[in-house]
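Numbers restart at 1 for each chain; the letters A, B, ... are given by sequence-line order, proteins then strands. Computed from a predicted structure; not experimentally measured.
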There are 2 protein chains.
Amino acid sequence: MGSHYTGDSEQQRALDCFIKLLRATESVNTEVHKSVYAEGLSESQFGILEALLHLGTLNQNQIAKKLLKSGGNITLVIDNLVKQGLVSKEKRSEDRRFYWIDLTDKGRRLIEHLFPRHAENIEKRMSVLTPEEQMQLGELCRKLGKNNKQ
Amino acid sequence: MGSHYTGDSEQQRALDCFIKLLRATESVNTEVHKSVYAEGLSESQFGILEALLHLGTLNQNQIAKKLLKSGGNITLVIDNLVKQGLVSKEKRSEDRRFYWIDLTDKGRRLIEHLFPRHAENIEKRMSVLTPEEQMQLGELCRKLGKNNKQ
DNA sequence: ATGAGATACTTTAATATTAAACTATTACGC
DNA sequence: GCGTAATAGTTTAATATTAAAGTATCTCAT
């Protein structure tokens, strides 16, 4: 009876875990993107080029959903990529609400050069963990990301 | 012989794990801060108020190191907090290079009200994982954050 | 004491990010 | 067909973020 454990220790464990998750993610993410920054690309710009490389032509709405960003944000990042001549942006006759975004030759060369290095960086950085630990971490993140509560 | 496994599968596991880590962290972090946004505070502003609550008076350099942000960033966020009357910023006679930052009464009331709710949010959100899973995740993140390689 | 270098902070220019209000185009129920 | 909804994208205002260059102050070796 009466042993309803409103424990601070439960909360403390959650806070600990949360802060470690934030810090580790920030650290890994920053390091992994170093070769991207070195090419004068921002993380967002790289994300869009990568999506276009792997998925082909996309409209801005599709890109926004894929990268979990707002529409206004995509408008701006795309326009900066257009200025750098890395992507093209054009309306077609079908549905005049859409802009279709695609890699230019220059953009394709850049992302085809960068992506393999990026993947190697991730592999190298994640190899601090054993393969088993990586599987474990992936599974915990999958479960955490789903948010069954609420 | 020759079974040096340069496997794509190793890389694929690392990429999978990495992307799940990013997504889960982003999801948890955004949700957890909802009550902060609802009070009209940004995440950065909240972070500074929280540091001041738990550590007392700090100078901007200490805050920058604590939150892993650039000095220029702290200057701006602090100035916005000053405008809102939530923190004070003053030079003292000792070493005139430092600005000392502290909570105002208004700031203290706000963060003392907000922090417990924030901690509850984290506890609730993290409880998607069992206590054992939280310990595991914390440990994996600790290991990952250290970056033994390189 | 003084001058070189370290330390704390600011400013600027660029990019990112969102919410909210806006324009343009299409879809659809009647 | 027409008016209302929905959809795609833009713009604006606010905040965040960094690197790099700049200012002010202090430290310390000579």
Side-chain angles (χ1 to χ4, degrees), chain A residues 22 25-27 29-31 33-34 36-51 57-84 86-102, chain B residues 22 25-27 29-31 33-34 36-51 57-84 86-102:
Chain A
L22 287 196
T25 303
E26 194 179 358
S27 155
N29 195 43
T30 303
E31 261 181 71
H33 282 88
K34 271 182 189 164
V36 168
Y37 305 143
E39 295 282 348
L41 282 183
S42 73
E43 217 175 299
S44 311
Q45 291 171 343
F46 176 79
I48 291 182
L49 296 183
E50 187 191 342
T57 309
L58 297 171
N59 63 50
Q60 298 193 180
N61 204 36
Q62 292 173 314
I63 294 175
K65 276 175 188 152
K66 174 82 182 157
L67 304 186
L68 306 174
K69 295 287 151 68
S70 69
N73 180 26
I74 298 302
T75 292
L76 183 120
V77 179
I78 292 279
D79 285 356
N80 284 334
L81 286 170
V82 169
K83 278 181 204 155
Q84 295 182 246
L86 298 172
V87 307
S88 60
K89 168 172 179 173
E90 56 157 353
K91 278 193 167 147
R92 295 183 188 161
S93 38
E94 322 133 33
D95 187 329
R96 314 261 325 142
R97 287 172 300 181
F98 293 86
Y99 275 113
W100 292 98
I101 313 298
D102 208 349
Chain B
L22 288 196
T25 303
E26 195 179 358
S27 153
N29 196 42
T30 303
E31 260 182 73
H33 283 89
K34 271 182 188 164
V36 168
Y37 306 142
E39 295 282 347
L41 282 183
S42 73
E43 218 174 299
S44 312
Q45 291 171 343
F46 177 78
I48 291 182
L49 295 184
E50 186 190 342
T57 309
L58 296 171
N59 63 51
Q60 294 191 183
N61 203 37
Q62 293 173 315
I63 294 174
K65 277 175 187 150
K66 174 82 184 159
L67 304 186
L68 306 175
K69 295 287 154 69
S70 70
N73 180 26
I74 299 301
T75 292
L76 183 121
V77 180
I78 292 280
D79 286 357
N80 284 334
L81 286 171
V82 169
K83 277 180 204 155
Q84 294 182 248
L86 298 172
V87 307
S88 59
K89 169 172 179 173
E90 56 158 355
K91 278 191 168 151
R92 295 180 188 164
S93 38
E94 323 131 33
D95 187 328
R96 313 259 325 142
R97 287 172 302 181
F98 294 84
Y99 275 113
W100 292 98
I101 313 298
D102 208 349

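Side-chain atoms of A:Q84 never come within 3.5 Å of backbone atoms of A:L81 as a donor-acceptor pair (strictly under, hydrogens ignored).
Taking A:E43 as the reference, nothing meets the salt bridge (charged side-chain N to carboxylate O under 4.0 Å, His left out) condition, with sequence neighbours excluded. With sequence neighbours left out, B:E26 forms a side chain to side chain donor-acceptor pair (under 3.5 Å) with no residue at all. Checked against salt bridge (charged side-chain N to carboxylate O under 4.0 Å, His left out), A:R97 has the following partners two or more places apart in sequence or in another chain: A:D95. In this view, B:F98 and B:W100 satisfy the ring-ring contact (aromatic ring centres under 6.0 Å, His included) rule, not counting sequence neighbours. B:T57 meets the side chain to side chain donor-acceptor pair (under 3.5 Å) test with B:D102; sequence neighbours excluded.
Close to D:dA8, at under 4.0 Å from its OP1 or OP2, lies no side-chain N or O of A:N59. A sub-4.0 Å separation between OP1 or OP2 of D:dT10 and a side-chain N or O of A:Q60 is present.
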Pairs: protein N or O with nucleotides 12-17 of chain C N or O, under 3.5 Å:
| residue | atom | partner | partner atom | Å |
| --- | --- | --- | --- | --- |
| C:dA16 | OP1 | A:S42 | OG | 2.1 |
| C:dA16 | OP2 | A:N80 | ND2 | 3.4 |
| C:dA16 | O3' | A:S44 | OG | 3.4 |
| C:dT17 | OP1 | A:K69 | NZ | 3.3 |
| C:dT17 | OP2 | A:S44 | OG | 2.5 |
| C:dT17 | OP2 | A:N73 | ND2 | 3.2 |

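Residues B:I74 and A:R97 each lie close to DNA chain C; by heavy-atom proximity, the contact nearer the 5' end of the strand is made by B:I74. If you find the closest nucleotide of DNA chain D to A:W100 and to B:D95, the one lying nearer the 5' end belongs to A:W100.
When the P atom of D:dT25 is taken as reference, atom CZ of B:R96 falls 7 Å away, rounded to whole Å. D:dT7 atom P lies 18 Å from atom NZ of A:K91, rounded to whole Å. Computed from coordinates, the A:I63 CD1 to D:dA8 P distance equals 13 Å when rounded to whole Å. Atom-to-atom, CD of A:Q62 to C1' of D:dT7 comes out at 13 Å; the value is rounded to the nearest Å. As rounded to whole Å, 12 Å separates atom C1' of C:dA27 from atom CZ of A:F98. For the pair B:E26 CD and C:dT18 P, the computed distance is 8 Å after rounding to whole Å. With rounding to whole Å, A:I101 atom CD1 is found 14 Å from D:dA8 atom P.
With a glycosidic angle further than 90° from 0, D:dA8 counts as anti.
C:dT11 is paired with D:dA20 under the Watson-Crick or G-U wobble criterion, all donor-acceptor distances under 3.5 Å. Across the strands present, D:dA5 finds no partner; the criterion is a Watson-Crick or G-U wobble pair with both atom distances under 3.5 angstrom.
Within 4.0 Å (heavy atoms only), B:E94 reaches sugar-phosphate atoms of the nucleic acid but no base atom. No contact: A:K65 has no heavy atom under 4.0 Å from any strand.
Residue A:K89 places its NZ atom among more than 12 non-hydrogen atoms of other residues, nucleotides or ligands, all under 6.0 Å distant.
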